Amino acid sequence: MTWFKRETHEIQPTPDHEVRTEGLWIKCGQCGKALWKADLEANLQVCMYCGRHFKFDARSRIENLLDPGYELVDLDLVSTDPLQFTDLKPYKQRLAQAQKKTGLNDAIINAVGKMNGQDVVLSVMEYGFIGGSMGAVVGETIARAVDRALEARIPLIIISASGGARMMEGIASLMQLAKVSVGLAKMDDEKIPYISLMTDPTTGGVTASFAMLGDLNIAEPGALIGFAGPRVIEQTIRQKLPEGFQRSEFLLQHGFLDAIVERKDLKAYLSQALSWMSEKPVAS
């Protein structure tokens, strides 16, 4: 004999009593705290408890660093598929998915504007677009930023967030290392300041070219910066790497960086640096 009998109809919760929190919280990978996404966004994607710097999209970086009235430029370039490359999926399909996800044609945005009154050209990489990989479009976009800085004789700031050269474009992607480096050499000859800001991660061919060529090389806290990844290096040399190897703090300690700057202090730090690097002082 059954003591309890379930009715055939199910209990339906009323809509006004339903609480949906999916996607509203995120767990910090460093301190383990649960973070309300709205609070995290208000704090520039930096953990309020431990200071871990989460990834920051390119548009938000530009808005955070430049004064109102800036102009986005060089947005018309689009990647092609010169090698008809296919791995797990066709490269054209990867491009289409990344373009839909980010709303960008490729993994970089150029902007021209002012930073606390100082004219500046800003070139910002978008990690959300195929890992911020550097193909022909990224190289050409940075080259155009260099040309703008040379023509107007104003400083250039490149913000890197990349896994390196884009393997789907083969030698075309590797040639961007030389192309951008030559442009930056011209800026050096003309005594026009170039500041490189490295964020998490900055690796591969990006590190091997323009990311490490700044007159001032700075990074955000905890950023992974290097050519090959730590696991690859350990497997190659068959030795355990030191704690924090390739993080920005380790690189600063060993002389590869000039400074580590928290995200909330970047605009003030950069504008102050430009004031003593540039021909024209920043307006107070």
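These figures come from a predicted structure and were not determined experimentally.
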Output yes when a side-chain donor or acceptor of [X] lies under 3.5 Å from a complementary backbone atom of [Y], and no otherwise.
{"X": "H53", "Y": "G222", "value": "no"}
{"X": "Y194", "Y": "A185", "value": "no"}
{"X": "E169", "Y": "V137", "value": "no"}

Subject >> Taking every non-hydrogen atom, the tightest pair across F227 and G205 >> reply: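 Smallest heavy-atom distance, with atoms named: CE1-N, 4.1 Å.
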**OP:** Locate the shortest heavy-atom distance separating A228 from I233; write the atom from each residue and the value.
**Re:**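 So the minimum-distance heavy-atom pair works out to O-CD1, 3.7 Å.
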Original post:
Is it true that E63 and R59 have a side-chain N and a carboxylate O under 4.0 angstrom from each other?
Top reply: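 No, E63 and R59 are not salt-bridged.
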Original post:
Do D67 and K114 meet the salt-bridge criterion of a basic N to acidic O distance under 4.0 Å?
Top reply: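 No, this pair does not count.
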Subject >> Inter- and intrachain pairs under side-chain hydrogen bond (donor to acceptor under 3.5 Å, both in side chains), touching residues 92-104, at least two apart >> reply: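 The answer is D87-R94, K89-Q97.
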To the nearest 0.5 Å, what is the distance between [atom1] ([X]) and [atom2] ([Y])?
{"X": "F129", "Y": "R166", "atom1": "CZ", "atom2": "CZ", "answer": "5.5 Å"}
{"X": "N105", "Y": "I108", "atom1": "CG", "atom2": "CD1", "answer": "12.5 Å"}
{"X": "I157", "Y": "L66", "atom1": "CD1", "atom2": "CG", "answer": "8.0 Å"}
{"X": "I159", "Y": "I195", "atom1": "CD1", "atom2": "CD1", "answer": "10.0 Å"}

Original post:
Side-chain contact, heavy-atom cut-off 4.5 Å: E140 with D74?
Top reply: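 Not touching, per the 4.5 Å side-chain cut-off.
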**OP:** Assess R52 against F54: is NZ or CZ under 6.0 Å from the centre of the six-membered ring, and within 45 degrees of the ring's axis?
**Re:**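 Yes, a cation-pi geometry holds between R52 and F54.
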